[in-house]
Engineer: 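Next up is a structure, given as structure tokens.
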Amino acid sequence: VIIDCNHNNSGKQYLEQIRITREVLHSRRNSKEVGKMVKGLMIESYIEDGAQKICDNPIYGQSVTDPCLGWEKTERLIYDIAEQV
């Protein structure tokens, strides 16, 4: 199973991906069954946090579709995940 940490699971609140990731990792540590079943996490990230509307003055590196974690938060989250698996 790959857990989608964004979309409906986060209510499209991109910062909730961090909480969801931590909860899934906690569940994996505390349940052998969950640990065997969950093989990965899908985390939406891009260069800059959030999302933007398509406009005349776009922000380079910010999504124009779903809100995403920016690179700094993503990098920190990847290191957190690595420490726990």
Side-chain angles (χ1 to χ4, degrees):
V1 172
I2 305 294
I3 305 295
D4 181 350
C5 295
N6 204 16
H7 302 103
N8 285 341
N9 287 331
S10 70
K12 294 207 175 195
Q13 301 298 314
Y14 70 96
L15 292 173
E16 287 294 299
Q17 294 183 98
I18 297 167
R19 177 190 57 78
I20 293 164
T21 297
R22 290 181 178 150
E23 288 179 4
V24 170
L25 293 173
H26 175 80
S27 295
R28 285 187 80 237
R29 281 192 312 274
N30 291 294
S31 169
K32 288 182 183 180
E33 290 177 6
V34 173
K36 290 178 185 176
M37 184 174 29
V38 175
K39 300 298 182 187
L41 302 166
M42 185 176 85
I43 299 165
E44 280 203 77
S45 71
Y46 206 36
I47 300 168
E48 298 294 333
D49 282 334
Q52 63 182 322
K53 304 265 188 230
I54 296 175
C55 63
D56 292 334
N57 297 311
I59 298 169
Y60 175 78
Q62 191 174 52
S63 175
V64 294
T65 56
D66 292 331
C68 298
L69 286 178
W71 173 245
E72 290 179 16
K73 289 179 183 73
T74 300
E75 181 181 33
R76 195 168 28 243
L77 186 57
I78 290 169
Y79 283 119
D80 289 347
I81 293 167
E83 289 176 5
Q84 295 184 46
V85 293

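Residue numbers run from 1 in the order of the sequence given. When reading the values below, keep in mind they use all heavy atoms of this one structure, side chains included, and skip hydrogens, waters and symmetry mates.
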Engineer: Check side chain to side chain contact (heavy atoms under 4.5 Å, CB included) between Ser27 and all other residues, then give those that pass, not counting sequence neighbours.
Structural biologist: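 Scan of Ser27 (side chain to side chain contact (heavy atoms under 4.5 Å, CB included), adjacent residues dropped) gives Val34.
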Engineer: Going by side-chain heavy atoms closer than 4.5 Å, which hydrophobic residues are tied to Val64, directly or by a chain of links?
Structural biologist: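 Direct or chained contacts put Val64 with Ile54.
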Engineer: Going by the rule side chain to side chain donor-acceptor pair (under 3.5 Å), which residues pair with Asn30 if we only count those two or more places apart in sequence or in a different chain?
Structural biologist: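 Here the qualifying residues are His26.
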Engineer: Mind checking who shares a hydrophobic cluster with Ile47, ILVMFWY linked at side-chain heavy-atom distances under 4.5 Å?
Structural biologist: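 Its cluster mates, by chain and number, are Tyr60.
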Engineer: Would a distance-only check, ignoring hydrogens and angles, find a side-chain to backbone donor-acceptor pair under 3.5 Å from Gln17 to Ile43?
Structural biologist: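 Checked: no pair found.
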Engineer: What's the spacing between Glu72 CD and Leu77 CG if we round to 0.5 Å?
Structural biologist: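 Rounded to the nearest 0.5 Å, the CD-CG separation comes to 13.5 Å.
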Engineer: Would you sort out whether Leu15 and Lys73 count as a side-chain contact (heavy atoms from CB on, under 4.5 Å), showing the intermediate values?
Structural biologist: CA-CA 9 Å; Leu15 292 173; Lys73 289 179 183 73; 3.7 Å; yes
Engineer: Which residues pass the side chain to side chain donor-acceptor pair (under 3.5 Å) test with Glu48, not counting sequence neighbours?
Structural biologist: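 With sequence neighbours excluded, Glu48 shows a side chain to side chain donor-acceptor pair (under 3.5 Å) to no residue whatsoever.
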Engineer: Under a 4.5 Å side-chain heavy-atom rule over Ile, Leu, Val, Met, Phe, Trp and Tyr, are Ile78 and Ile3 clustered together?
Structural biologist: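 No: no chain of side-chain contacts under 4.5 Å links Ile78 to Ile3.
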Engineer: Could you pull out all residues at least two apart from Ser45 that satisfy side chain to side chain contact (heavy atoms under 4.5 Å, CB included)?
Structural biologist: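 Listed in chain order: Leu69, Thr74.
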Engineer: Determine which pairs satisfy side-chain hydrogen bond (donor to acceptor under 3.5 Å, both in side chains) with at least one residue from residues 75-85, sequence neighbours left out, and list them in order.
Structural biologist: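 Applying side-chain hydrogen bond (donor to acceptor under 3.5 Å, both in side chains) to every pair that reaches into residues 75-85, excluding sequence neighbours, yields Arg22-Asp80, Arg29-Gln84.
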Engineer: Hydrophobic cluster mates of Ile2, side-chain heavy atoms under 4.5 angstrom, ILVMFWY only, any path?
Structural biologist: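 Answer for Ile2: Met42.
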Engineer: Residues in side chain to side chain contact (heavy atoms under 4.5 Å, CB included) with Cys68, at least two apart?
Structural biologist: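 Cys68: side chain to side chain contact (heavy atoms under 4.5 Å, CB included) contacts with Glu44, Tyr46, Ser63.
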Engineer: Do Trp71 and Tyr14 sit in one hydrophobic cluster, given that two such residues count as connected whenever their side-chain heavy atoms are within less than 4.5 Å of each other, even indirectly?
Structural biologist: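 In one cluster with Trp71: Tyr14, no.
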Engineer: Can you tell me how far CG of Asn6 sits from CD1 of Ile20, rounded to the nearest 0.5 angstrom?
Structural biologist: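 Here the interatomic distance stands at 7.5 Å.
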Engineer: Sorted by first residue and then second, give each salt bridge (charged side-chain N to carboxylate O under 4.0 Å, His left out) pair with at least one member in residues 54-70; sequence neighbours left out.
Structural biologist: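 Passing the test, one end in residues 54-70: Lys12-Asp66.
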Engineer: Would you please name every residue forming a salt bridge (Lys or Arg N to Asp or Glu O under 4.0 Å) with Glu16, sequence neighbours left out?
Structural biologist: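 Here the qualifying residues are Arg19.
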